[in-house]
Amino acid sequence: MSTSHLKTLRKKAVELIRLGDKVYHYRRDVMAAADITALRESASVLEQAFRDKKTKEADLESALHAQHEILSKVGGEIYPVRFVNDNVETLLVIAIVILSFRLFFFQPFVIPTSSMYPTYFGREPDAVSQAEKAPALHQRILRKVLRGASHYKVDAKESGTISIPLGGHPERGIIQGFYYEEVKGRKWAGLLPANYREYTIYVGNTKHTIRVPFEFNLDNVLLEAFFPGAESLAEAYRGLVNKRDGVTFENGRVRLSTLKEATKGQSILRFDILMGDALFVNRFWYHFAPPKAGDPIVFRTGGFKNRAGYPSMLPDDKYYIKRLAGMPGQILEVKNHTLFADGEPASGADAFGKNSLRADDYPGYTNVGLLQSGMKYEVPQGSFFAMGDNSSNSFDSRYFGPVPEKEVIGKAAFIYFPFTKRWGPAK
């Protein structure tokens, strides 16, 4: 016989020894005593034949046949091998290892908003000029791989003038962006529930809807696509309010005309949403060393989302990423775009200094909520004060108060996607 045939026999011997041991441990309580004895003896003979390098191939084949015979008799669902039965245990072990790794070591986290910009990027729009040709499928796939881009478009069902409902009460000077409804949906191929913003666009009187992740605000995309000369929605509204058919009222809601005509079948809106920075959160480091001022911390809001006594309450249970700006017992204050801790400019991260100087796109810290102009705040014991690097666009401890130490799950460790200059250790 060939050497390759001997190797095949030895591989099969390893597998049948393993299965014999598995059948013994899994089924010995339902096996007859004689079958248990026969199985152990057969397994012992096969193992000795396998370990003895001088065993003849015929003897090894005989031992394999004997093991096969007894396993076929007493193996139940374990033997003969079926793909699902044999692999479900392996798949469960893999799942447990992955979940344990996520729970105790490194948890993946995708930044949804721009509250930590420019240190980290959240979801951001990439509007496509409606005059340009729609990107080809291979281009969309490439952008999905490199930037995590999701493509959206709206095609006109009918011909007519494009108009968009507004939120708030524009007629009274209260404009709350373009109108949307919060709707329930699914993500990850329908596996998980998710919340979405559903915006409405009219062509004539025909309603068109577009659904985006709830954390994503579509206002800037709509403003750029339909009101390119306006710097704000309020400016666009003021510019059209005196024009005929520029503003209409329907069911108590203001509908702002774009004064643009659409043809049935024409694409009226196309854009991409670029995925926010995806990073790993180090969940075990804080078991060995306490958090430090300047750390980019991730915390869960469920434990204090309904807490009263602060300017605002958290709306739901989510994971947030912010900069640890204040340690227990420190007295914080914001003056001239600078964060002060115990009377000295905050230290521990480059973002503090850059915000103070309003350098490299850092906007500077703003006086709101618990840190309004002239106000100081002492961080209570057992808690941290968390602030976004993009201070003017961050919902943080200035609004919902300090973060209990027990709610901090870890420290941002490594940006693994997308593949940009930010890829690498988190700052």
Side-chain angles (χ1 to χ4, degrees), residues 1-109 141 144-145 187-192 278-288 409-410 413-417 419 423-425:
M1 292 186 181
S2 65
T3 303
S4 61
H5 181 64
L6 180 60
K7 287 183 178 179
T8 301
L9 292 177
R10 293 183 63 81
K11 286 181 180 178
K12 191 171 183 180
V14 171
E15 181 66 8
L16 290 190
I17 291 170
R18 181 185 72 83
L19 287 171
D21 191 58
K22 185 174 181 180
V23 168
Y24 172 75
H25 287 290
Y26 278 60
R27 306 197 73 246
R28 61 183 177 182
D29 58 329
V30 296
M31 291 166 57
D35 289 336
I36 293 177
T37 301
L39 176 63
R40 300 308 290 167
E41 289 178 352
S42 174
S44 177
V45 170
L46 178 58
E47 187 167 357
Q48 288 177 9
F50 170 77
R51 293 184 181 281
D52 188 351
K53 302 295 184 181
K54 297 180 180 180
T55 299
K56 296 179 181 179
E57 291 175 352
D59 293 336
L60 183 56
E61 282 188 321
S62 177
L64 283 168
H65 179 73
Q67 181 77 338
H68 166 72
E69 288 296 320
I70 186 63
L71 285 176
S72 297
K73 178 182 178 182
V74 302
E77 293 295 321
I78 299 174
Y79 193 89
V81 175
R82 297 177 179 86
F83 177 82
V84 174
N85 292 337
D86 193 51
N87 288 279
V88 67
E89 182 179 328
T90 301
L91 294 174
L92 285 174
V93 170
I94 292 173
I96 291 171
V97 170
I98 292 173
L99 290 174
S100 299
F101 184 83
R102 180 185 184 276
L103 183 63
F104 297 108
F105 297 98
F106 289 97
Q107 176 177 336
F109 178 80
I141 293 175
K144 183 72 173 179
V145 171
K187 63 181 181 180
W188 288 11
L191 295 176
L192 296 177
L279 50 79
F280 286 119
V281 179
N282 187 330
R283 295 189 65 124
F284 69 92
W285 179 249
Y286 287 151
H287 292 293
F288 303 98
I409 68 163
F414 192 92
I415 299 174
Y416 63 88
F417 188 82
F419 303 110
W423 187 91

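We count residues from 1, following the sequence as given.
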Practice task
List the atom of Leu60, the atom of Thr55, and the distance in Å for their closest heavy-atom pair.
Solution key: N-CG2, 4.0 Å
Practice task
Give me the ring orientation class for Phe284 and Phe288: parallel if the planes are under 30° apart, tilted from 30 to 60°, perpendicular past 60°.
Solution key: perpendicular
Exercise for the section: With rounding to the nearest 0.5 Å, note down the distance linking CG in Asp21 to CD in Glu47. Expected result: 9.0 Å
Problem - Heavy-atom pair with the smallest gap, counting every atom of Phe50 and Ile17 - result: CB-CD1, 4.3 Å
Practice task
Any chance you could measure Phe417, atom CZ, to Phe280, atom CZ, to the nearest 0.5 Å?
Solution key: 12.5 Å
Problem - Any side-chain heavy-atom pair of Ile70 and Glu41 under 4.5 Å - result: no
Completion exercise
Interatomic distance, CG@Leu6 vs CD@Glu61, rounded to 0.5 Å, equals 9.5 Å
Problem - Straight-line distance of His5 NE2 to Arg10 CZ, nearest 0.5 Å - result: 13.0 Å
Exercise for the section: To the nearest 0.5 angstrom, please state how far the CG atom of Leu19 sits from the CD1 atom of Ile78. Expected result: 8.0 Å
Exercise for the section: Could you tell me whether the side chain of Arg28 reaches within less than 4.5 Å of the side chain of Arg40, counting heavy atoms only? Expected result: no
Exercise for the section: Can you see which heavy atom on Phe419 is nearest to which on Val145, and at what distance? Expected result: CE1-O, 4.4 Å
Exercise for the section: Inspect the contact between Arg18 and Glu15 and indicate whether a charged nitrogen and a carboxylate oxygen are less than 4.0 angstrom apart. Expected result: yes
Exercise for the section: Identify which one of Glu69, His68, Gln67 satisfies the side-chain hydrogen bond (donor to acceptor under 3.5 Å, both in side chains) criterion when paired with Ser42. Expected result: Gln67
Exercise for the section: Indicate, with yes or no, if the rings of Phe414 and Trp423 have centres closer together than 6.0 Å. Expected result: yes
Completion exercise
In terms of heavy-atom contacts, Ala63 and Val45 come closest through CB-CG1, 4.2 Å
Completion exercise
d(Asp59 CG, Lys54 NZ) to nearest 0.5 Å is 14.0 Å
Problem - Backbone of Val74 reached by a side-chain donor or acceptor of Arg27 within 3.5 Å - result: yes
